Amino acid sequence: MNTADETAPQPIIITEVKGHIGTVTLNNMAKRNALSSALLDSLTAALGDFKAQSVRVVIVRAHKGVKVWSAGHDVRELRRGHQDPLGYADPLEQALRAIRSYPGPVIAMVQGSVWGGAFDLALSCDMIIADETSTFAITPVNLGLPYNTTGLLHCLNRLPVNFIKEMFFTASPVNADVAKHWGIINHVVPSTEIEAFTQNLAEHIATKAPLAVAVVKEQLRVLTDFQPVAAQVFERIQNMRREVYESADYQEGIDAFLAKRKPEFRGK
Ligand code: LCV
């Protein structure tokens, strides 16, 4: 028999504050923690709540031992036809900005596979602690989607451009050792120890002067995020991106994903 709590809708994220540490646990495993607007808006709201409680360090994680940390942007919600699928106002972009401007470290604790926009989300955290089961993939070329320039800047601030190109052009997952080698993750920690390791790191940082920590984070954000691009160059890039998201290939990419079949890209 179903007791009340078994039928009650599960929260899409679980939040917890203990001392100076706030934790967000992605909680939609049926959809592989796909980054739906519901999940992303909840994450952004949770960061606002944490800020109001002067939470000093945030951990973003999935449930212990998951095979998929997050399947990336909810493909069903990707805008189609004449609308930028990763525009400034997209819930994913709003969540990334909330992470990057949170006045304290946001640590991604990763187990399992990370896909697409979830890679950008993890990379937007201040540090990534991952276990041996973690993999990372960025997948716009699987959908025919023009990734946004801010997202590419997030990658450029962290990774060599030849490795970024390999990740974007192949859309292949990279494993924990490769991710550590190139600097995607700060520490590879055995899955049996990763919770304690991440908690200890967060608690250690939380003993430091929070105002001094917050100002260094904001200084590094403005130094890395604000690369000047000439207006004409930006408009040319946006025009190129529009041709991609208005292409038949982008429609085919989404249709194929939803139909669970391989896409046939024709270059138009
Ligand atoms: C909606 C999903 C998703 C999902 N959206 O389980 O990087 S960009 O530019 O491309 C950006 C726009 C982006 O992030 O795009 C999304 C990129 N993500 C991916 O390519 C990963 C897509 N997902 C998968 O490859 C598989 O789901 C993985 C390998 C993550 C897990 O495979 P598994 O066999 O364990 P299913 O595929 O059966 O998925 C379970 C349910 O979650 C839904 C999927 O449709 C299914 O729902 P139904 O049971 O209703 O069919 N799901 C998974 N990923 N990104 N929904």
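Every value quoted in this text rests on a predicted model; they were computed, and no experiment measured them. Numbering of ligands and ligand atoms starts at 1, following listing order. All heavy atoms count here, side chains included; hydrogens, waters and symmetry mates do not.
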Which segment of [X] sits under 4.0 Å of ligand 1 when only heavy atoms are counted:
| X | result |
| --- | --- |
| V75 | both |
| A30 | backbone |
| Y147 | side chain |

Worksheet entry | F257 near ligand 1 by a heavy-atom separation under 4.0 Å |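 Contact present.
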
Does any donor atom in the side chain of [X] or [Y] lie under 3.5 Å from an acceptor atom in the other side chain?
| X | Y | answer |
| --- | --- | --- |
| T133 | D131 | yes |
| R236 | N239 | no |
| E132 | S191 | yes |
| E77 | S37 | yes |
| D225 | H154 | no |
| E195 | Q199 | no |
| Q238 | R241 | yes |

Can you name the atoms of ligand 1, numbered from 1 with element, that are less than 4.0 Å from a heavy atom of [X]?
| X | answer |
| --- | --- |
| L145 | 9 (O), 12 (C) |
| R76 | 1 (C), 2 (C), 45 (O), 56 (N) |
| L143 | 10 (O), 15 (O) |
| P140 | 7 (O), 8 (S), 9 (O), 10 (O) |
| D74 | 1 (C), 5 (N) |

Would a search of protein heavy atoms around [atom] find one under 4.0 Å away?
| atom | value |
| --- | --- |
| atom 21 (C) of ligand 1 | yes |
| atom 26 (C) of ligand 1 | no |
| atom 55 (N) of ligand 1 | yes |
| atom 17 (C) of ligand 1 | yes |
| atom 34 (O) of ligand 1 | no |
| atom 8 (S) of ligand 1 | yes |
| atom 47 (O) of ligand 1 | yes |

Starting from [atom], which protein heavy atom do you reach first, and at what distance in Å?
| atom | result |
| --- | --- |
| atom 19 (C) of ligand 1 | A71 O, 3.6 Å |
| atom 44 (C) of ligand 1 | K260 NZ, 4.1 Å |
| atom 13 (C) of ligand 1 | H73 CB, 3.5 Å |
| atom 39 (O) of ligand 1 | R32 CG, 4.0 Å |
| atom 52 (N) of ligand 1 | K31 O, 4.1 Å |

Worksheet item: Taking the six-membered ring of F226 as reference, does the NZ or CZ atom of R221 fall below 6.0 Å from its centre and within a 45° cone about the axis?
Response: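 Judged by the rule (NZ or CZ under 6.0 Å from the ring centre, within 45° of its axis), R221 is not positioned above F226.
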
Worksheet entry | Under 3.5 Å donor-acceptor, R61 side chain and A108 backbone |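 Such a contact is absent between R61 side chain and A108 backbone.
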
Discussion item. Please confirm whether the ring centroid of F168 lies under 6.0 Å from the ring centroid of Y147.
Written reply: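 Yes, the ring centres sit under 6.0 Å apart.
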
Please report whether ligand 1 has a polar contact with [X], defined as an N or O pair separated by less than 3.5 Å (distance criterion only).
| X | value |
| --- | --- |
| S113 | no |
| W115 | no |
| G117 | yes |

Worksheet item: If you group Ile, Leu, Val, Met, Phe, Trp and Tyr by side-chain heavy-atom gaps below 4.5 Å, do L220 and V213 land in one group?
Response: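 As far as the 4.5 Å side-chain criterion goes, V213 and L220 are not connected within one cluster.
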
Worksheet item: Angle class for the F163/W182 ring planes (parallel below 30°, perpendicular above 60°, tilted otherwise)?
Response: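 If you compare the ring of F163 with that of W182, the planes turn out parallel.
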
Worksheet item: Is atom CZ of R261 surrounded by more than 12 heavy atoms (other residues, nucleotides or ligands) closer than 6.0 Å?
Response: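 Yes - once you tally the heavy atoms of other residues, nucleotides and ligands closer than 6.0 Å, there are more than 12.
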
Worksheet entry | Atom CD of Q232: over 12 foreign heavy atoms under 6.0 Å |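 No, CD of Q232 has 12 or fewer neighbouring heavy atoms, counting only those of other groups under 6.0 Å.
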
